[in-house]
Amino acid sequence: MITRRSIMAAGAVTLAAPAVRAQGTWPDKPLRFVIGGAAGGVSDIFLRMMENRLRERLGQPMIIDPRPGAGGMVGAEVTARAAPDGYTYYVNHIASHGIGPTLYRRLSFDPLRDLPGVARIAAMPNVLIIKGDSPIKSVAELVAFCKANPARGNFSSAGSGTSSHLSGLLFGMRMGIEVTHVPYRGTAPSMAAVMNGETLFAIDNAPASRPQVLGGLLKALGVSTAKRSSTKRWLGLFEQFLGVS
């Protein structure tokens, strides 16, 4: 069962589209997939994993259109304003359909009404990451470092109002430490900030940082879910579902 709590903890990625579908033969032209973050983020990753299979099944290429900004709300608005002809989709998540409508009270559209869900792609944990060569080896050591160096307790996020933003704030509150939020325009630049030492840590979707963690550029200290999580396991199941080798 999908609950508000489980979505907040693990994160959910789904496809949404303007409510009216095209009539007649579909599809007869390329499909456009708008994402609310920069290239290299989790939405971009999942779409590229799906690209070959969708092309085979639908007979049309897909166009990935990154529209980062406002925690996914820029991309959501672009999609909501598109013609409801069944050719424009938005890869949505908790930021655009859960957090955004509460954070931005004067939206020109209603994500839940104007961008109803089409299909759920994945659910995943957020992961706490730090620089790969950092001497910090555990969450306890990170908390101790922030308490001893409050001016250096900064964290990056994919943007204000995203799950990575709220996860960082919640982490600071739960651990009783002072943290400073540094927003970026997407997961990829947020991760780069951690790798470059611009920020101390980030808490963001596991798939995006997995290659950097395996390569030693980043270090994973924990996940947002109540139980231990294996990105290798759920990523393998997703690839198996898509028929990707």
Side-chain angles (χ1 to χ4, degrees), residues 11-18 27 29-55 58 60-101 103-104 107-109 111 114-115 117-122 124 126 129 156-165 167 182-196 198-199 202-212 218 235 238 242 244:
V13 179
T14 58
L15 286 179
K29 63 180 181 179
L31 283 77
R32 176 192 182 197
F33 291 83
V34 179
I35 59 177
V42 67
S43 299
D44 185 43
I45 290 172
F46 277 120
L47 281 178
R48 295 191 186 281
M49 290 174 62
M50 298 168 59
E51 185 172 7
N52 289 336
R53 180 64 64 173
L54 285 175
R55 185 191 295 266
L58 301 179
Q60 294 290 340
M62 55 186 288
I63 300 170
I64 301 177
D65 185 4
R67 296 298 182 100
M73 300 311 294
V74 171
E77 183 174 18
V78 167
T79 311
R81 290 181 174 179
D85 58 3
Y87 287 90
T88 301
Y89 297 85
Y90 181 63
V91 183
N92 79 72
H93 41 76
I94 186 65
S96 59
H97 278 57
I99 302 170
L103 186 63
Y104 302 99
L107 293 174
S108 62
F109 68 103
D114 301 329
L115 294 174
V118 174
R120 181 172 177 175
I121 298 176
M124 71 211 74
N126 279 352
I129 52 175
S156 53
S157 79
S160 297
T162 61
S163 65
S164 54
H165 174 201
S167 294
V182 184
Y184 287 81
R185 292 176 65 85
T187 295
S190 173
M191 286 193 306
V194 179
M195 289 187 286
N196 295 334
E198 297 173 16
T199 57
I203 305 177
D204 213 329
N205 301 137
S209 60
R210 184 173 182 269
Q212 288 78 13
L218 291 171
L235 186 57
F238 184 71
L242 292 175
V244 179

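When a residue number appears, it is its place in the shown sequence, counting from 1.
Of all non-hydrogen atoms in L31 and P27, the two that sit nearest each other are CD1-CB, 3.8 Å. Counting all heavy atoms, side chain and backbone alike, R55 lies closest to P61 at NH1-CB, 3.5 Å. In terms of heavy atoms, N205 sits closest to S163 at ND2-OG, 4.4 Å. Contact detail for A208 and T187: the closest heavy-atom pair is CB-CG2, 3.6 Å. Smallest separation of non-hydrogen atoms from F33 and L54: CZ-CD1, 4.2 Å.
A donor-acceptor pair under 3.5 Å is formed between the side chain of Y89 and the backbone N or O of G86. Side-chain N or O atoms of D85 include one that pairs as donor or acceptor with a backbone N or O of Y87 at under 3.5 Å.
Here S43 pairs with I35, V91, H93 under the side-chain contact (heavy atoms from CB on, under 4.5 Å) rule; sequence neighbours left out. Residues forming a side-chain contact (heavy atoms from CB on, under 4.5 Å) with A16 (at least two apart in sequence, or on another chain): N92, H97, L115. By the ring pair (Phe, Tyr, Trp, His ring centres under 6.0 Å) test, Y184 pairs with no residue at all, sequence neighbours left out. By the side-chain hydrogen bond (donor to acceptor under 3.5 Å, both in side chains) test, S164 is found to be paired with T162, residues two or more places apart in sequence or in another chain being considered. Partners of I63 according to the side-chain contact (heavy atoms from CB on, under 4.5 Å) rule, which considers only residues two or more places apart in sequence or in another chain, are P30. In this view, R67 and D65 satisfy the salt bridge (charged side-chain N to carboxylate O under 4.0 Å, His left out) rule, not counting sequence neighbours. By the side-chain contact (heavy atoms from CB on, under 4.5 Å) test, P183 pairs with S157, S160, H181, sequence neighbours left out. By the side-chain hydrogen bond (donor to acceptor under 3.5 Å, both in side chains) test, S156 is found to be paired with S190, T199, residues two or more places apart in sequence or in another chain being considered.
Taking CZ of F109 as the reference point, atom CE of M73 lies at 4.0 Å (rounded to 0.5 Å). Atom CG of D114 is separated from atom CZ of R81 by 11.0 Å, given to the nearest 0.5 angstrom. If you take CD1 on I203 and CD1 on I129, they are separated by 9.5 Å, rounding to the nearest 0.5 Å.
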Apply side chain to side chain contact (heavy atoms under 4.5 Å, CB included) to V74 and R185, showing your working. CA-CA 11 Å; V74 171; R185 292 176 65 85; 6.0 Å; no
Distance-only criterion, 3.5 Å: show the donor-acceptor pairs between side-chain atoms of residues 45-52 and protein atoms not counting sequence neighbours.
unit_1, atom_1, unit_2, atom_2, d
R48, NE, D44, OD1, 2.9
R48, NE, D44, OD2, 3.3
R48, NH2, D44, OD1, 3.3

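Taking the side chain as every heavy atom from C-beta outward, S96 and P111 never approach each other to under 4.5 Å.
Sequence neighbours left out, not one pair with a member in residues 33-42 passes side chain to side chain donor-acceptor pair (under 3.5 Å).
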